[in-house]
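Have a look at the structure below, then the notes.
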Amino acid sequence: MKSHIRGVAMVIFLGLMTALPTAAQDVREATDACLSEKIETEAQLLGCVTKALAPCMLEPSDMNSSATLCFRGKIEAFEAGIKLGVSQLSDRATNEAFKLINIELKYDMLSGLLQCDRMEELAAAFSKYGAEAIQRQKAQCRATTLGLSYARLTLRAQEF
């Protein structure tokens with residue numbers, strides 16, 4: 001019985017692992033499509049990221065673990081997009097422009113992730129929510145931060 005359960009678990013795990021690269025690419029493609037429209041404000045950037053995160057945000061409040069896993073998948077997709085974007089930009093941009101964009105990217109990410117940590121600590125110290133709800137909130141914050149960083153990088157890279 002245990003070996004059957006392990007076998008089923010392994011099949012599911014392998015299926016998820018092969019689906020991740022495609023899912024990550026889908027998240028980036030959907031975000032890129034949204035960004036291809038005329039973007040003039042930070043609110044519009046946030047709208048594109050929110051749209052990409054919508055499936056995770058629709059998870060019911062009693063499904064915090066599922067939502068957290070969903071957000072972590074989006075985080076991985078945005079991280080992969082950032083790495084790819086930086087790599088592609090290094091080939092096209094001047095050395096000076098590349099340095100500027102990297103500095104902007106670094107501090108976009110650091111400032112956002114710092115706020116996520118701050119919110120987590122405040123929630124742990126003062127909120128009535130449990131650990132799973134707090135982890136969900138932090139995962140959503142991290143996904144939003146990395147999504148916005150990816151979106152900004154994508155827009156900046158269009159100049160080259």
Side-chain angles (χ1 to χ4, degrees), residues 13-14 16-59 64-127 131-160:
F13 175 74
L14 291 174
L16 288 173
M17 292 307 293
T18 57
L20 283 178
T22 303
Q25 186 174 347
D26 291 346
V27 169
R28 293 191 313 268
E29 287 175 359
T31 304
D32 290 346
C34 181
L35 293 172
S36 70
E37 299 170 9
K38 191 174 180 182
I39 301 290
E40 296 175 353
T41 67
E42 186 77 11
Q44 289 172 306
L45 278 180
L46 181 59
C48 290
V49 173
T50 301
K51 187 175 179 181
L53 300 178
C56 304
M57 289 189 257
L58 292 175
E59 289 284 344
N64 288 321
S65 294
S66 295
T68 299
L69 286 174
C70 181
F71 285 122
R72 287 184 181 157
K74 305 296 182 180
I75 288 167
E76 290 174 10
F78 288 134
E79 286 174 338
I82 289 168
K83 287 177 186 174
L84 180 63
V86 168
S87 173
Q88 291 173 343
L89 191 59
S90 71
D91 297 335
R92 299 191 321 257
T94 65
N95 189 37
E96 201 169 87
F98 183 71
K99 285 179 185 179
L100 174 66
I101 290 172
N102 265 325
I103 291 168
E104 292 290 333
L105 175 63
K106 175 183 173 181
Y107 286 98
D108 283 346
M109 290 172 50
L110 284 173
S111 63
L113 294 174
L114 183 62
Q115 289 304 314
C116 295
D117 288 347
R118 176 181 162 267
M119 287 175 25
E120 178 188 31
E121 283 190 45
L122 287 170
F126 300 107
S127 79
E132 284 186 0
I134 292 170
Q135 285 305 306
R136 177 185 183 149
Q137 178 188 30
K138 184 172 184 180
Q140 180 178 348
C141 183
R142 288 178 53 85
T144 302
T145 294
L146 292 169
L148 282 170
S149 296
Y150 173 74
R152 289 182 191 119
L153 173 65
T154 302
L155 289 179
R156 289 174 184 140
Q158 290 176 0
E159 298 172 9
F160 300 95

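The residues of the chain are indexed from 1 along the displayed sequence. Note: hydrogens, waters and symmetry copies are ignored here, and every other heavy atom, side chains too, is used. Keep in mind that what you see is a predicted model, and the values were worked out from it rather than measured.
The shortest heavy-atom contact between F78 and A52 is CZ-CB, 4.0 Å. Closest heavy-atom contact between I82 and S149: CD1-CB, 4.1 Å. The two residues C56 and A67 have their closest heavy-atom pair at O-CB, 3.9 Å. Here the shortest heavy-atom pairing between L53 and A143 reads CD2-CB, 3.8 Å. In terms of heavy atoms, R28 sits closest to G81 at CD-CA, 3.0 Å. Closest heavy-atom contact between R72 and Q135: NH2-OE1, 4.0 Å.
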(request) Please test L148 against E42 for side chain to side chain contact (heavy atoms under 4.5 Å, CB included), starting from the C-alpha separation and ending with a verdict. (result) CA-CA 9 Å; L148 282 170; E42 186 77 11; 4.1 Å; yes
(request) Report the C-alpha separation of L35 and L45 in whole Å, then their side-chain angles, then the decisive distance to 0.1 Å, and conclude whether the side chain to side chain contact (heavy atoms under 4.5 Å, CB included) test is met. (result) CA-CA 7 Å; L35 293 172; L45 278 180; 3.4 Å; yes
(request) Given side chain to side chain contact (heavy atoms under 4.5 Å, CB included), test S127 with L122 step by step and report yes or no. (result) CA-CA 7 Å; S127 79; L122 287 170; over 6 Å; no
(request) For side chain to side chain contact (heavy atoms under 4.5 Å, CB included), just list the numbers for M119 and Q137, CA-CA rounded to whole Å, side-chain angles, deciding distance to a tenth of an Å, and then say yes or no. (result) CA-CA 8 Å; M119 287 175 25; Q137 178 188 30; 3.6 Å; yes
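Between R152 and E104 there is no salt bridge, since none of the side-chain N atoms of the basic residue sits less than 4.0 Å from a carboxylate O of the acidic one.
Crowding of Q158 atom CD: a count of heavy atoms from other residues, nucleotides or ligands under 6.0 Å exceeding 12.
Taking CG of L69 as the start and CD of E59 as the end, the distance is 9.5 Å to the nearest 0.5 Å. Residue K74 holds its NZ atom at 13.0 Å from OH of Y150, rounded to the nearest 0.5 Å. The structure places CZ of R118 at 10.0 Å from SG of C141, a figure rounded to the nearest 0.5 Å. If you take CG on D117 and CD on E121, they are separated by 7.0 Å, rounding to the nearest 0.5 Å. Rounded to the nearest 0.5 angstrom, E76 CD and F71 CZ are separated by 14.0 Å. To the nearest 0.5 Å, atoms CZ (R142) and CE (M109) are separated by 8.5 Å.
Between the Q44 side chain and the T41 main chain, a donor and an acceptor come within less than 3.5 Å of each other. In terms of modelled atom types and a separation under 3.5 Å, the side chain of S111 and the main chain of D108 share a donor-acceptor contact. Side-chain atoms of T50 come within 3.5 Å of backbone atoms of L46 as a donor-acceptor pair (strictly under, hydrogens ignored).
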